[in-house]
A.B. asks: 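Please see the structure below; I have some questions.
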Amino acid sequence: MDELTTIAYCGSPPVPGSVAWNTDPILIGILAATAGLYALGCRRSATVDGRRQASFYLGWAILAAALVSPLCNLSVALFSARVAQHMILTLLAAPLVVLGQPGAALRALAPGWTLGRLGHAAERHLPAIATIGFAVTLWTWHLPGPYDATLRSDIVYWIMHLTTFAAALGLWHTLFSRMERVGSTILVSFATTIQMSLLGALLTLAPRPLFEPHAGTTWPWGLSPLDDQQLGGVIMWVPGGLLFTLFGLAAIAVGLQRLGSAGPDPVVRGS
């Protein structure tokens, strides 16, 4: 089976000039409800200031654009478009949403809501959980079998997006909430850099195309299936590796600044 025999969630594989927007009313309704609930929570919260709200809404807008814009339809034809969609969701939308403190807005709507004992017990292991969880979801949905399934089943397609975005939210929450723990931040950043770069390199350097549904969908765009796969690998390899490397370097800079501000040990006088 070389080409898609079912209609994917984002439509049939487009050709140049026929790329369509995603007008799914259920998706649009969920996106609108999410923004509305956040706005209501912010009105009841004293901790989510205007700058954080702006961050959330920008992240929300990027998230919505990645899901409803022609990028959705284009991702049916091109593996590289799907990778670009994932990078937009995980590297742009997710950190901006996290900076908007949606948890604080949720707690304002439901004051009795709490992480509970399990959440507090897992706090110590949060860096490892977040790092491994993000790596597992990223690798899983870029393996041929699971990837192909997302183009044949709407349920699997949305499981992919929900798990990938949730894992990205967990990773960025871990990084932003633990900036004062420099060692932990560096480990999470560079571990993520390594795994994303490795996956990107494997996709880029693979000697043959790995994704059968794109065997006949890339040619109208001037790309062979292997060219398209290599482009997707580069899109993951460079931006992802660069961003998390910069984050790790920023954590090192914070650590060095703290060491400098602490100053040298005082000299014991009279010795």
Side-chain angles (χ1 to χ4, degrees), residues 34 38 47-48 52 55-56 59-60 62-63 66 83 85-107 110 112-143 145-147 149-150 155-202 236-237 239-252 254-255:
T34 301
Y38 178 79
T47 61
V48 186
R52 294 190 180 278
S55 175
F56 177 89
W60 177 90
I62 293 173
L63 167 68
V83 175
Q85 185 185 44
H86 283 169
M87 295 302 99
I88 290 170
L89 292 173
T90 59
L91 304 183
L92 292 178
L96 289 169
V97 167
V98 169
L99 287 173
Q101 292 189 328
L106 176 61
R107 287 191 293 272
W113 182 77
T114 178
L115 288 175
R117 293 182 179 179
L118 179 62
H120 292 300
E123 179 70 18
R124 183 175 58 179
H125 304 291
L126 188 59
I129 294 172
T131 304
I132 295 172
F134 181 70
V136 169
T137 56
L138 192 70
W139 281 71
T140 296
W141 296 118
H142 293 90
L143 293 175
Y147 178 89
T150 66
I155 294 175
V156 178
Y157 176 85
W158 281 112
I159 290 175
M160 171 199 67
H161 273 318
L162 290 172
T163 55
T164 301
F165 193 63
L169 292 176
L171 181 70
W172 285 108
H173 172 75
T174 300
L175 288 170
F176 289 140
S177 65
R178 290 174 171 259
M179 280 298 292
E180 74 281 358
R181 304 179 186 181
V182 177
S184 174
T185 302
I186 293 172
L187 286 175
V188 172
S189 298
F190 285 120
T192 304
T193 297
I194 292 170
Q195 66 90 2
M196 288 191 74
S197 297
L198 178 59
L199 178 56
L202 290 174
M236 181 182 297
W237 190 351
L242 179 61
L243 179 60
F244 286 106
T245 298
L246 292 175
F247 202 98
L249 292 174
I252 293 174
V254 170

A.B. asks: Minimum heavy-atom separation for Ala93 to Leu63, with atom names?
C.D. replies: CB-N, 3.9 Å
A.B. asks: Taking Ser197 for the side chain and Ile194 for the main chain, is one N or O donor matched with an acceptor at less than 3.5 Å?
C.D. replies: no
A.B. asks: On the 0 to 90° scale, with breaks at 30° and 60°, tag the His161-Tyr157 ring pair as parallel, tilted or perpendicular.
C.D. replies: perpendicular
A.B. asks: Rounded to the nearest 0.5 Å, what separates atom CG in Leu91 from atom CH2 in Trp172?
C.D. replies: 6.5 Å
A.B. asks: Using 0.5 Å steps for rounding, measure from the CD1 atom of Ile62 to the CH2 atom of Trp60.
C.D. replies: 12.0 Å
A.B. asks: Which distance, rounded to the nearest 0.5 Å, do you find between the OG1 of Thr163 and the CG of Leu138?
C.D. replies: 10.5 Å
A.B. asks: Among Thr137, Leu199, Thr164, which one satisfies side chain to side chain contact (heavy atoms under 4.5 Å, CB included) with His142?
C.D. replies: Leu199
A.B. asks: Tell me if a side-chain donor or acceptor on Tyr38 pairs with a main-chain N or O of Gly100 at a distance below 3.5 Å.
C.D. replies: yes
A.B. asks: Do His86 and Met236 come within less than 4.5 Å of each other through their side chains, counting heavy atoms only?
C.D. replies: no
A.B. asks: Kindly say whether Leu96 contributes a backbone atom to a donor-acceptor pair with the side chain of Ser55 at under 3.5 angstrom?
C.D. replies: yes
A.B. asks: For Ser189 versus Leu175, what's the shortest heavy-atom pair and its separation?
C.D. replies: OG-CD2, 3.6 Å
A.B. asks: If you round to the nearest 0.5 Å, how far is OG1 of Thr131 from CZ of Phe244?
C.D. replies: 9.0 Å
A.B. asks: Quick one: list whatever passes ring-ring contact (aromatic ring centres under 6.0 Å, His included) with Phe134, sequence neighbours left out.
C.D. replies: none
A.B. asks: Quick one: closest heavy-atom pair of Thr174 and Pro127, and the distance?
C.D. replies: CG2-CA, 3.7 Å
A.B. asks: So which heavy atom on Ala66 is nearest to which on Ile88, and how close?
C.D. replies: CB-CG2, 4.0 Å
A.B. asks: Does a side-chain heavy-atom distance below 4.5 Å link Phe190 with Thr245?
C.D. replies: yes
A.B. asks: Could you tell me if the side chain of Gln101 sits less than 4.5 Å from the side chain of Arg107, heavy atoms only?
C.D. replies: no
A.B. asks: Tell me the closest heavy-atom pair linking Phe56 and Pro102, and the distance in Å.
C.D. replies: CE1-CB, 4.1 Å
A.B. asks: Give, for atom OG1 of Thr140 and atom CD1 of Ile159, the distance between the pair rounded to the nearest 0.5 Å.
C.D. replies: 12.0 Å
A.B. asks: So, taking the atom named OG1 in Thr193 and the one named CD1 in Ile186, what distance separates them when rounded to the nearest 0.5 Å?
C.D. replies: 11.5 Å
A.B. asks: Minimum heavy-atom separation for Arg52 and Leu99, please, with both atom names.
C.D. replies: NH1-O, 3.1 Å
